[in-house]
Amino acid sequence: MTNKKISLPRGTYDLFNEDMQLRKDVVSTLMDLAETFGFYEIQTPVFESTDLFVRAVGEQTDVISKEIYTFEDKKGRSLSLRPEITAPVVRSFIENKMHINPMTKLSYYGPSFRYERPQAGRFRQFNQFGIECFAPRNPFIDVEIISLAMSIFKVFDIEEHVELKINSLGNQESRNAYIAKVKKYFAPHKEQLCEDCQKRIDSNPLRILDCKIDNEKSLFNDAPKLYDALDSSSKKYFDQVLLELNKLNVKYKIEDKLVRGLDYYNDTIFEIVFHDKKAQNAILGGGRYDSLVEGLGGEATNAFGFALGIERFINLLVDKVVDKEDYKITTDIYIMPLCESALSKSFEFGLALRQEGLKCSVPYEIKTIKNYFKNAERLNAVIAIIIGDEEMVSGKAKLKNLITGEQSEVQFEDVIVEILKGSNHE
Ligand code: HAM
């Protein structure tokens, strides 16, 4: 056996200390916010049948053709780590016959996996918070969910740093008509496109529109506009969504090159981005997907949802509004036994304090006082209880307030009451 160190896989990270505390706080705020809109949490497995993603997301998308982590289990079944969570939620919606309810509103948080080139804000294992709403097609759903997405940024006070981009793919016929137009437009200029887009002309022409490499080329200025390809009912639907957003005073920008990277969308699609060209700037994305439930074998059910990339969102929070110092791990009491005979007294205090709901650290073996203070500082402890030989004889512990430096001697039987008095004052 070799004793060479093993590092974590590329594109992944460990989460601990203040980063972990901040994550927990952010996720619980997001879940609570979703509940105020009537969305309740669902958890699905991190791996599913590969077919689910191929059929839902689309074989020609980057996510499926390049990024999905696929493996065979011991029985030779093809499974994949989920690259996104909409398809698993739809699978669960169908399997659990949720269509019998007039409306199903689900929220989720958890890891997704994509084999992408890691860079700032782009990971191979990342986390999404998202919501999915299964209910009959209605522009008010699109509007309410987009306003829920925007209220995330409001609640965290970073609304001014992001922008809502919106577009419509129209219904299936409009989308097909548009794809034909895009193909016709780009075919004579094939050699001007990047290597990927040359292939996309046949496999996935829509994606040419939002290619990060080609996008800036002048050829794109005259590319057909999605809105012009929408039929009258698709236009009417989109116009109503925009009208209601205006009424709610939700600011947006119509982005006619926005097409989204997953195949299941129709009509309204949207993204929330921040204005930092260097990093990955899409923080949240979603839209309407009216054919996916039926396409995966369920009863025809319309749906709308979005997912937020937690890492990108927290990066933005830390950059603009959050001080990580506020999320340092803390403990209320650090007990410092200085001799073997003080150990069991320390455990006794520890148990009693925890029963009162206080966070309390008790060492398992005797260390020097210097060592204890260092550790208490690392844990941001507020009060130290010091018990050495002298204290064991006198039956009095030393209580030290680690913030003010104040110190007092307290009879063993009064220690808990004394600490509780102090913690009530704070
Ligand atoms: P998506 O746009 O592929 O949509 O991903 C949503 C968000 O996940 C992105 O805006 C981004 O913040 C984050 N994200 C994606 N890839 C990475 C990565 N490699 N590293 C870090 N963050 C990443 C979906 O996944 C759809 N399922 C959204 C949806 C829900 N549509 C309808 N319902």
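Throughout, residue positions are numbered sequentially from 1 according to the sequence presented. Because the structure is a prediction, the values reported are computed rather than measured. In each ligand, atom 1 is the first atom listed, and ligand 1 is the first ligand listed.
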Please determine if [X] has a nitrogen or oxygen closer than 3.5 Å to a nitrogen or oxygen of ligand 1.
{"X": "Tyr289", "answer": "no"}
{"X": "Tyr264", "answer": "yes"}
{"X": "Gly286", "answer": "no"}
{"X": "Gly287", "answer": "no"}
{"X": "Leu308", "answer": "no"}
{"X": "Arg122", "answer": "no"}

Using a heavy-atom cut-off of under 4.0 Å, does the side chain or the backbone of [X] touch ligand 1, or both, or neither?
{"X": "Phe270", "answer": "neither"}
{"X": "Glu132", "answer": "side chain"}
{"X": "Glu311", "answer": "neither"}

(message) Which of the numbered atoms in ligand 1 are under 4.0 angstrom from any heavy atom belonging to Gly305?
(response)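 Per the distance check, 30 (C), 31 (N), 32 (C), 33 (N).
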
(message) Once salt bridge (Lys or Arg N to Asp or Glu O under 4.0 Å) is applied, what residue pairs with a partner in residues 163-183 remain, sequence neighbours excluded?
(response)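 The answer is Lys165-Glu255.
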
Under a heavy-atom criterion of less than 4.0 Å, does [X] contact ligand 1?
{"X": "Tyr265", "result": "yes"}
{"X": "Arg114", "result": "yes"}
{"X": "Glu271", "result": "no"}
{"X": "Gly121", "result": "yes"}
{"X": "Gly261", "result": "no"}

(message) Tell me whether the NZ or CZ atom of Lys66 lies within the 45° cone about the ring axis of Tyr115 and under 6.0 Å from its centre.
(response)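 Pair Lys66/Tyr115 does not count as cation-pi.
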
Salt-bridge test for [X] and [Y]: reply yes if a basic N is under 4.0 Å from a carboxylate O, no otherwise.
{"X": "Glu299", "Y": "Lys97", "result": "no"}
{"X": "Lys374", "Y": "Glu377", "result": "no"}
{"X": "Arg77", "Y": "Asp73", "result": "yes"}
{"X": "Asp62", "Y": "Arg200", "result": "yes"}

(request) Determine whether the aromatic ring centres of Phe313 and Phe153 lie less than 6.0 Å apart. (result)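 Between Phe313 and Phe153, the centre distance is under 6.0 Å.
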
(request) Give a yes-or-no answer on whether the side chains of Arg23 and Tyr109 include a donor-acceptor pair shorter than 3.5 Å. (result)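 Tyr109 and Arg23 do have a side-chain donor-acceptor pair below 3.5 Å.
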
Extract all donor-acceptor atom pairs below 3.5 Å that involve side chains of residues 185-194 and protein atoms in other chains or at least two apart in sequence.
unit_1: Tyr185; atom_1: OH; unit_2: Leu219; atom_2: O; d: 2.5

